[in-house]
Amino acid sequence: MGDSVIEGATLAFTRHRNLLFTVAYEMLGSAADAEDVLQETWLRWVKAHLDEVRDERAYLVRITTRQALNRLRTLSRRRETYVGPWLPEPLLTSPDVAEDVELAESLSMALMLVLETLTPTERAVFVLREVFDVGYDEIAAAVDKSPAAVRQIAHRARQSVEARRPREKAAPAEVRAALVSFQRAVETGDIQGLLDVLAPDVVLISDGGGLRQAALRPILGAEKVLRFFAGIMAKAPGPVTGEPAQVNGTPGLLMSVGGEVDGVMAVRIEGSRVTAIYYVRNPEKLSGLNRRTRLAR
């Protein structure tokens, strides 16, 4: 293969790289695995007969989807032995992701967990159709199904997601105010302040992966969530602080204890109350917090 062909392939791949990463991450919930999928996609891309490729974007998305599906089936078996609840690897995202409402919702911890309830093929079809607006014929080629079968899968996956996705949304001003109140209460150990900002039926899901302290099951209710935070603060070797950040396109906090990174909290806010907290403490999922991830549709 000549240098000019390699250069053209590289330029095309680079042009679509953010899109391909986003597709892989939405299917896998892991930035590390998404990067591996991109490497596999690249290796197959440079071996393709590029002069016969009519639509670079569609062809690359097809390769990425196939590689992500293969890896997703392996990950599904691995997660059966995961210690405690599994949460997606958090991404620090830029403000432009939050401005794309549909993309931000699809990346949110809440919806990513809903996607975990789908089969690998259902997840691939839903992501490609609902998030990236890929045509049924292209999806069919990517998942090795007929277009008619893909339409049925898309309908079934959409119904399943709609039955589970959060409904109510808060105004941006309410979100900012609730996040500030929550951050202040956590940092100061203000019990009443936490009770004021937590919804009575708040749920907290913490992911330590067996490497850091975390609840082995979701915690339901403001009083129990309060006790969880009290336990962490009682054992903290130094001050507990939170830095506001966009986590997967939604409000969140980068948590530090004694000046050391402790984890990432993504929060769901409805009205003026925190209704869900997703706390990732597994150190294997925190390696990408020194940079913002570039995403695209």
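Because the structure is a prediction, the values reported are computed rather than measured. All residue numbers in this chain count up from 1 along the given sequence.
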Exercise for the section: For Arg294, look at atom CZ and say whether over 12 heavy atoms of other residues, nucleotides or ligands are found less than 6.0 Å away. Expected result: no
Got a list of side-chain donor-acceptor pairs under 3.5 Å for residues 257-265, not counting sequence neighbours?
from   : atom 1 : to     : atom 2 : distance (Å)
Asp262 : OD1    : Arg212 : NH2    : 2.6
Asp262 : OD1    : Arg281 : NH2    : 2.6
Asp262 : OD2    : Tyr279 : OH     : 2.3
Asp262 : OD2    : Arg281 : NE     : 3.1
Asp262 : OD2    : Arg281 : NH2    : 3.4

Fill in the blank from the handout: In terms of heavy-atom contacts, Val280 and Pro90 come closest through CG1-CD, 3.8 Å
Practice task
Answer yes or no: is there an ion pair linking Arg176 with Glu174, defined by an N-O contact shorter than 4.0 Å?
Solution key: no
Fill in the blank from the handout: Heavy atoms of Leu113 and Pro88 approach each other most closely as CD2-CD, 4.1 Å
Problem - Side-chain donor or acceptor of Arg273 paired with backbone N/O of Asp196 under 3.5 Å - result: yes
Problem - Minimum heavy-atom distance between Leu69 and Pro120, given as atom pair plus value - result: CD2-O, 3.4 Å
Practice task
Would you check if Ile269 and Val274 make a side-chain contact, meaning some heavy-atom pair closer than 4.5 Å?
Solution key: yes
Exercise for the section: Return the set of residues passing side chain to side chain donor-acceptor pair (under 3.5 Å) with Arg15 (not counting sequence neighbours), or none when no residue passes. Expected result: Glu56
Handout entry: Lys285 side chain vs Leu87 backbone, donor-acceptor pair below 3.5 Å
Key = yes
Exercise for the section: Using a 4.5 Å cut-off on heavy atoms from C-beta on, say whether the side chain of Thr14 contacts that of Thr10. Expected result: yes
Problem - Minimum side-chain heavy-atom gap Tyr59-Thr64 below 4.5 Å - result: no
Problem - Partners meeting side-chain contact (heavy atoms from CB on, under 4.5 Å) with Thr250 (sequence neighbours left out) - result: Ser108
Exercise for the section: Kindly compute the distance separating OG (Ser160) from CZ (Arg165), expressed to the nearest 0.5 Å. Expected result: 11.0 Å
Problem - Smallest separation among heavy atoms of Glu270 and Thr275, with atom names - result: OE2-OG1, 3.4 Å
Problem - Side chain proximity check, Leu38 to Trp42, heavy atoms < 4.5 angstrom - result: no
Problem - Results of salt bridge (Lys or Arg N to Asp or Glu O under 4.0 Å) for Glu35 - residues two or more places apart only - result: Arg17
Exercise for the section: Kindly compute the distance separating CD (Glu243) from OG (Ser256), expressed to the nearest 0.5 Å. Expected result: 7.5 Å
Practice task
Walk me through it: do Arg78 and Glu80 pass the test salt bridge (charged side-chain N to carboxylate O under 4.0 Å, His left out)?
Solution key: CA-CA 5 Å; Arg78 192 189 309 169; Glu80 292 175 1; over 6 Å; no
Practice task
Examine the side chains of Arg184 and Thr188 and answer whether a donor and an acceptor come within less than 3.5 Å of each other.
Solution key: no
Completion exercise
Apart from Leu216 itself, its cluster of hydrophobic side chains linked below 4.5 Å comprises Val83
Problem - Residue pair Ile139 / Val134: nearest heavy atoms and the distance that separates them - result: CD1-O, 3.4 Å
Handout entry: Polar side-chain atom of Tyr25 near backbone of Ala32 as donor-acceptor pair, under 3.5 Å
Key = no
Handout entry: Side chains of Leu72 and Arg123 in contact at under 4.5 Å (non-hydrogen atoms)
Key = yes
Exercise for the section: For Ser206 and Ala214, indicate whether the former's side chain and the latter's backbone hold a donor-acceptor pair under 3.5 Å. Expected result: no
Problem - Arg73: salt bridge (Lys or Arg N to Asp or Glu O under 4.0 Å) partners, not counting sequence neighbours - result: none
Practice task
Taking the side chain as every heavy atom from C-beta outward, state whether Leu20 and Val61 have any pair of such atoms under 4.5 Å apart.
Solution key: yes
Handout entry: Side-chain donor/acceptor of Glu89 to backbone N/O of Ala31, under 3.5 Å
Key = yes
Completion exercise
The reported gap from CD in Glu116 to CH2 in Trp86 (rounded to nearest 0.5 angstrom) is 4.0 Å
Practice task
Kindly indicate whether the side chain of Tyr278, heavy atoms from C-beta on, has any atom under 4.5 Å from the side chain of Val267.
Solution key: no
Exercise for the section: Kindly compute the distance separating CZ (Arg297) from OG (Ser106), expressed to the nearest 0.5 Å. Expected result: 7.0 Å
Problem - Any donor-acceptor pair under 3.5 Å from Asn282 side chain to Asp207 backbone - result: no
Exercise for the section: Indicate yes or no: at least one non-hydrogen side-chain atom of Leu198 is less than 4.5 angstrom from one of Ile277. Expected result: yes
Exercise for the section: Determine yes or no for a side-chain-to-main-chain donor-acceptor pair under 3.5 angstrom, with Arg62 supplying the side chain and Ala141 the backbone. Expected result: no
Exercise for the section: Considering non-hydrogen atoms only, spot the tightest contact between Gly135 and Arg129 and give its length. Expected result: CA-NH1, 3.8 Å
Practice task
Report the distance from atom OG1 of Thr293 to atom CG of Leu91, rounding to the nearest 0.5 Å.
Solution key: 4.5 Å
Exercise for the section: Drop me the distance from Arg227's CZ to Ile191's CD1, to the nearest 0.5 angstrom. Expected result: 11.5 Å
